[in-house]
Amino acid sequence: MQAHWLYMGVAIVAEVIATSALKATEGFSRLGPSVLVVVGYCTAFYFLSLTLRTLPLGVAYALWSGMGIALVTAFGWLYYRQALDAPTLCGLALIAAGIVLIQLRGGH
């Protein structure tokens with residue numbers, strides 16, 4: 001496994017954790033979740049920057065944001081019991097298709 005894929009994975013997981021904790025901050029009025037958000041985003045951006053040594057900016061950002069959107073949506077559905085309607089599921093399917101196309105193209 002090439003290091004940039006590991007870095008991308010860490011960046012995605014950190015961003016999903018930070019974004020998922022954002023709701024719990026209650027407008028940054030709760031210290032614990034607020035610290036988790038700041039640390040999570042700092043970690044995410046640091047590891048995303050490491051992927052940019054190898055991957056083109058547009059490809060890296062598309063993968064990072066697309067996977068982040070899908071995983072945060074899944075977390076909201078599982079943890080916060082947020083409903084997923086047909087347009088949301090269709091949009092997620094289109095994001096997944098885009099990620100697959102980028103991967104089939106070789107990521108560059």
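We use all heavy atoms of the structure for the numbers below, so side chains are in, but hydrogens, waters and symmetry mates are not.
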(request) Tell me, please, which residues at least two apart from Y7 pass side chain to side chain donor-acceptor pair (under 3.5 Å). (result) none
(request) Find out if a path of hydrophobic residues (ILVMFWY) with successive side-chain heavy-atom gaps under 4.5 Å connects M8 to I99. (result) yes
Under 3.5 Å, side-chain donor or acceptor atoms of residues 66-83 against the rest of the protein: list the pairs with distances, not counting sequence neighbours.
| from | atom 1 | to | atom 2 | distance (Å) |
| --- | --- | --- | --- | --- |
| T73 | OG1 | I69 | O | 2.7 |
| Y80 | OH | S20 | O | 3.3 |
| R81 | NH1 | L78 | O | 3.0 |

(message) Membership question, hydrophobic clusters at under 4.5 Å side-chain separation (ILVMFWY): are V39 and L36 in the same one?
(response) no
(message) Can you tell me how far apart OH (Y61) and CG (L48) are? Round to the nearest 0.5 Å.
(response) 9.0 Å
(message) Please give me the minimum heavy-atom distance between V37 and A18, naming the atom from each residue.
(response) CG2-O, 3.4 Å
(request) Would you name the heavy atoms of P33 and A24 that are closest together and state the gap between them? (result) CG-O, 3.6 Å
(request) Locate the shortest heavy-atom distance separating L55 from A60; write the atom from each residue and the value. (result) CB-CB, 4.1 Å
(request) Enter the distance from L84:CG to L92:CG here, rounded to the nearest 0.5 Å. (result) 7.0 Å
(request) Begin from the C-alpha positions of L22 and F28 and carry the test side chain to side chain contact (heavy atoms under 4.5 Å, CB included) through to its verdict. (result) CA-CA 8 Å; L22 196 55; F28 286 95; 3.8 Å; yes
(request) Begin with the C-alpha distance, continue with both residues' side-chain angles, and end with the deciding distance and a verdict on side chain to side chain contact (heavy atoms under 4.5 Å, CB included) for V38 and V35. (result) CA-CA 5 Å; V38 171; V35 170; 6.0 Å; no
(message) Testing the basics here: between A14 and G40, what is the closest heavy-atom pair and its distance to 0.1 Å?
(response) CB-O, 3.5 Å
(message) Looking at every non-hydrogen atom in both residues, tell me the closest pair between T54 and H4 and how far apart they are.
(response) CG2-ND1, 3.5 Å
(request) Give a yes or no on whether F45 and V13 share a hydrophobic cluster (residues Ile, Leu, Val, Met, Phe, Trp, Tyr; joining criterion: side-chain heavy atoms under 4.5 Å apart). (result) no
(message) As an exercise, state the distance from SG of C90 to CD1 of I95, rounded to the nearest 0.5 Å.
(response) 10.5 Å
(request) Please report the C-alpha distance between W5 and L63 in whole Å, then the side-chain angles of each, then the deciding distance to 0.1 Å, and finally whether the side chain to side chain contact (heavy atoms under 4.5 Å, CB included) criterion is met. (result) CA-CA 11 Å; W5 293 120; L63 294 172; 3.7 Å; yes
(request) Work out which heavy atom in D85 is nearest to a heavy atom in T88; give both atom names and the distance. (result) OD1-OG1, 2.6 Å
